[in-house]
Asker: 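Before I ask anything, let me first share the structure, which is written out below as structure tokens.
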Amino acid sequence: DTNAETNNYNDFELNKVLVDEESDDSKLDPDKPYSLGPKISDWVKQRSEWLKENPDYPNFIGPNKPRVLLVTGSSPKPCENPVGDHYLLKSTKNKIDYCRLHGIEIFYNMALLDAEMAGFWAKLPLIRTLLLSHPEVEFLWWMDSDAMFTDMAFEIPWERYKDSNLVMHGWNERVYDQKNWIGLNTGSFLLRNGQWALDLLDAWAPMGPKGKIRDEAGKVLTRELKNRPVFEADDQSAMVYLLATQREQWGDKVYLEHAYYLHGYWGLLVDRYEEMIETYHPGLGDHRWPLVTHFVGCKPCGKLGNYPVERCLKQMDRAFNFGDNQILQIYGFTQKSLASRRVKKVRNESRNPIEVKDVLRSLHPAFKAVKVSSS
Amino acid sequence: MGQDNFAPQKRSSTGGGGGLPTIRNEAGAGGRNRGFPSMPRGRQMHKTFNNIKITILCGFVTILVLRGTIGVGNLGSSEAEAINQNLIEETNRILAEIRSDSDPTDPDESPETELNPNVTYTLGPKITDWDQQRKVWLSKNPEFPNFVNGKARILLVTGSPPNPCDNAIGDHYLLKAIKNKIDYCRLHGIEIVYNMAHLDKELAGYWAKLPLIRRLMLSHPELEWIWWMDSDAFFTDMVFEIPLYKYEKYNLVIHGYPDLLFEQKSWIALNTGSFLFRNCQWSLDLLDAWAPMGPKGLIREEAGRILTANLKGRPAFEADDQSALIYLLLSQKDQWMDKVFIENQYYLHGYWAGLVDRYEEMMEKYHPGLGDERWPFVTHFVGCKPCGSYGDYSVERCLRSMQRAFNFADNQVLKLYGFRHRGLLGPNIKRIRNETATPLEIVDLLDIRRSVHGKTESKS
């Protein structure tokens, strides 16, 4: 057994080792309708009482600045594609950088909470669990692992959403009128912690349980939505369907945002990075300097994506560098080019670092300020 | 026999500028299972040479260990064991460093010239009034205080090279390690900087942390402490909090053993895989005094000879940051030691081999929050080096152990949500608590953040 003897990582098969001793003894009752958890109807009351009792954990950490938890994740098993984990690592560093600058906490999930809701549906039980366990969180920001921040300076316009509970990138006409399956994107969205969110998750979940239910639901979705290919139900199509068919119930609290790229499809953006650097500047968040570049369809962790692997990986490197440059520049460095892994100094160091005002201001933006105590 | 002969080969094989290096392109197109058919012959020779070096080193270490066991008969058996363990631990670390001594290729880069040994290397312009500058900044920026909710502001700094690891397993464990650090830091209100850039090509490799630490200190006057942590170190006690009150009069907190340092002058008396630096003038001065052995090439090699000659048990190889710090603190003891806290009451750094097999026993007998041998704060996988091609222990042993440490820690995070891992090795989890319609009762009991933090008060 070469596995046991070797000191060489290249010869090793990790999946042989990462095996559970205990077997899975849970039984799924096929007749029982799926549920994300016990029905809760008084979450507003429970949560507001808790917030009152815990003034050290307010749901707003500044005027107009809600407490946000960014949630992302990946499989606990190594990627099938050997470079997949490297890109997950870079994507995670990218998120750490943005979130540090913007005072946002991160939850990186690597656990499958509910075997029935595997795959893209796994985010639903996770989101519910996190909302209920973190009453201090005002907004939960789900972000796919293949999405990267490319505007490090752009702050979400929270005020705009004060009457909304769900913010997704998308267009009203494409969802409500056309029922287009990509009229919105669930790879990066904001969900306000509250009763409405729990109810929405409950209404969203039924198409998810894998197997017959998900397959049948997939057929419904392909039939009802515009341009949808044939495959099992996915959470995004299910959301389009839910909103289009139950608009009166949910629509008034859903904000379909397209003034900036809360999700930005990579195909339209990555070839223009040099042009952006030449013409514009960070902080715009939109087509001029996208907040998020999302590599839909690339699937770097799996073996088969929808696009040529080399284009995907090369562009992911460029997007990473585009974002990383903005961080490095604050510290006085820059990437040598969007394709390079080398950095160089762009600014001479000073004997009086605190006088390099612009620099320090970028690192200490207003939205990160701590409330000054009035003692 | 230096690297210079091989550099041109590396460059020509990567083709024109702007693209990905050749090996990676092949990997992208057809997977890695073909091994390294495109590895230049020079690199293979280099690897063979490394293997010879390692064989000799292993023999040398065996002798050393024997000497060590016999020679320290006067000390208590536990100290002898600790020394033994440390020797093995550190040798493995160094062996691994030898293996990963190649720099990333860059098709755009002109040949790098070595630093002129007659010109003293510096980390940056000399600053002499940082304490004053910092104080001024803090008073002008009260919304960025150095104490938040009564706690000193800490930044955890870690990182890994910008290139993919030699194999996918390495990147997978870097990913798990950063998730682990994200979890601990979220629970304890600590920010993270994950570095993937070589800020100073002179100080590449393990020395890279020096310019990084300096740069972060000067850019973040609101930081009270900078905590460097290696990428192969995992948090295994999610509750334990660093007892900063112990260090009010100190500026450097590092795991080690005073007798190994002052009496033995051992090259592994301290561990620079996890340590804290206060953001102050003293630290800038220490970094300046520490850096001179670092610049790669002649300087680092010559420094290595000095270190081997002066530190007990150190094999012959180029200067590393840990040996250099030990040497510095020994030879300039009076200047620095009054502000250095050598910590061994808890595992600010915990050598993995003595810990990972006891996790089940710990779960049975003890509980998180202890931070010491009963429930180690940090489990540090020195010598495993999964990002390279070769480890010094069996790969299976290292990976099993790293996965166990990861699950052991993750269990402490999942507890709040009602789950734990089925075992310490596998990926699956199971529910340990039924869901209720009143989840906040449990949250109050189990949220680590609220059990750890005291009440609020500003402090300057």
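Every chain is numbered from 1, with letters handed out A, B, ... down the list of sequences.
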Asker: So what's closer than 4.5 Å to chain A heavy atoms on Leu175(B): side chain, backbone, both or neither?
Answerer: both
Asker: Which bit of Glu435(B) is near chain A, if near means a heavy-atom gap under 4.5 Å: side chain, backbone, both or neither?
Answerer: both
Asker: Please state whether the side chain, the backbone, both or neither of Leu101(A) comes within less than 4.5 Å of a heavy atom of chain B.
Answerer: neither
Asker: How close do His421(B) and Asn411(B) get, heavy atom to heavy atom, and via which atoms?
Answerer: N-OD1, 2.7 Å
Asker: Looking just at side-chain N and O atoms, do Lys52(A) and Ser48(A) make a donor-acceptor pair shorter than 3.5 Å?
Answerer: no
Asker: Quick check on Phe107(A) against chain B: is it the side chain, the backbone, both or neither that has a heavy atom closer than 4.5 Å?
Answerer: both
Asker: Measure Arg404(B) against the heavy atoms of chain A and call it side chain, backbone, both or neither at under 4.5 Å.
Answerer: neither
Asker: Run the numbers on Leu218(B) and Ile127(B) for side-chain contact (heavy atoms from CB on, under 4.5 Å), then give the verdict.
Answerer: CA-CA 10 Å; Leu218(B) 298 179; Ile127(B) 297 177; 3.8 Å; yes
Asker: Using the six-membered ring of Tyr194(B), assess whether NZ or CZ of Lys93(A) lies under 6.0 Å from its centre and within 45 degrees of the ring axis.
Answerer: no
Asker: So which part of Leu446(B) gets closer than 4.5 Å to some heavy atom of chain A, the side chain, the backbone, both or neither?
Answerer: neither
Asker: Under 3.5 Å, is there a donor on one side chain and an acceptor on the other for Asp317(A) and Tyr87(A)?
Answerer: yes
Asker: Checking heavy atoms, do the side chain of Lys345(A), its backbone, both or neither come under 4.5 Å from chain B?
Answerer: side chain
Asker: Quick check on Cys398(B) against chain A: is it the side chain, the backbone, both or neither that has a heavy atom closer than 4.5 Å?
Answerer: side chain
Asker: Tell me, for Glu349(A) versus chain B, whether the close heavy atoms (under 4.5 Å) come from the side chain, the backbone, both or neither.
Answerer: both
Asker: Under 4.5 Å from any heavy atom of chain B, what part of Leu328(A) do you find: side chain, backbone, both or neither?
Answerer: side chain
Asker: Considering all heavy atoms of both residues, which atom of Pro439(B) and which atom of Ile40(A) are nearest to each other, and what is their separation?
Answerer: CD-CD1, 4.0 Å
Asker: Counting only non-hydrogen atoms closer than 4.5 Å, does Tyr417(B) touch chain A with its backbone (N, CA, C, O), its side chain (CB onward), both, or neither?
Answerer: both
Asker: Please classify the contact of Thr438(B) with chain A as side chain, backbone, both or neither, using a heavy-atom distance under 4.5 Å.
Answerer: both
Asker: Can you find a side-chain donor-acceptor pair between Gln46(A) and Asp42(A) that sits under 3.5 Å?
Answerer: yes
Asker: Tell me, side chain or backbone of Ser75(A) under 4.5 Å from chain B's heavy atoms, or both, or neither?
Answerer: backbone
Asker: Taking side chain as everything from C-beta outward and backbone as N, CA, C, O, which of these in Leu174(B) sits under 4.5 Å from a heavy atom of chain A? Side chain, backbone, both or neither.
Answerer: both
Asker: Examine whether an atom of Leu123(B) lies under 4.5 Å from a heavy atom of chain A, and if so say whether it belongs to the side chain, the backbone or both; otherwise answer neither.
Answerer: backbone
Asker: Taking the six-membered ring of Phe320(A), is NZ or CZ of Lys90(A) closer than 6.0 Å to its centre and within 45° of its axis?
Answerer: yes
Asker: Considering residues, nucleotides and ligands other than Lys126(B), do more than 12 of their heavy atoms fall under 6.0 Å from its NZ?
Answerer: yes
Asker: Looking only at side-chain N and O atoms, does Asn352(A) offer a donor or acceptor that is under 3.5 Å from a partner on Gln133(B)?
Answerer: yes
Asker: Quick one: what part of Asp444(B) sits under 4.5 Å from any heavy atom of chain A, side chain, backbone, both or neither?
Answerer: side chain
Asker: I'd like to know if the side chain of Arg318(A) pairs up with that of Gln315(A) as donor and acceptor (distance under 3.5 Å, no hydrogens or angles considered).
Answerer: yes
Asker: Which atoms of Ile192(B) come close to chain A, meaning under 4.5 Å heavy atom to heavy atom: side chain ones, backbone ones, both, or neither?
Answerer: both
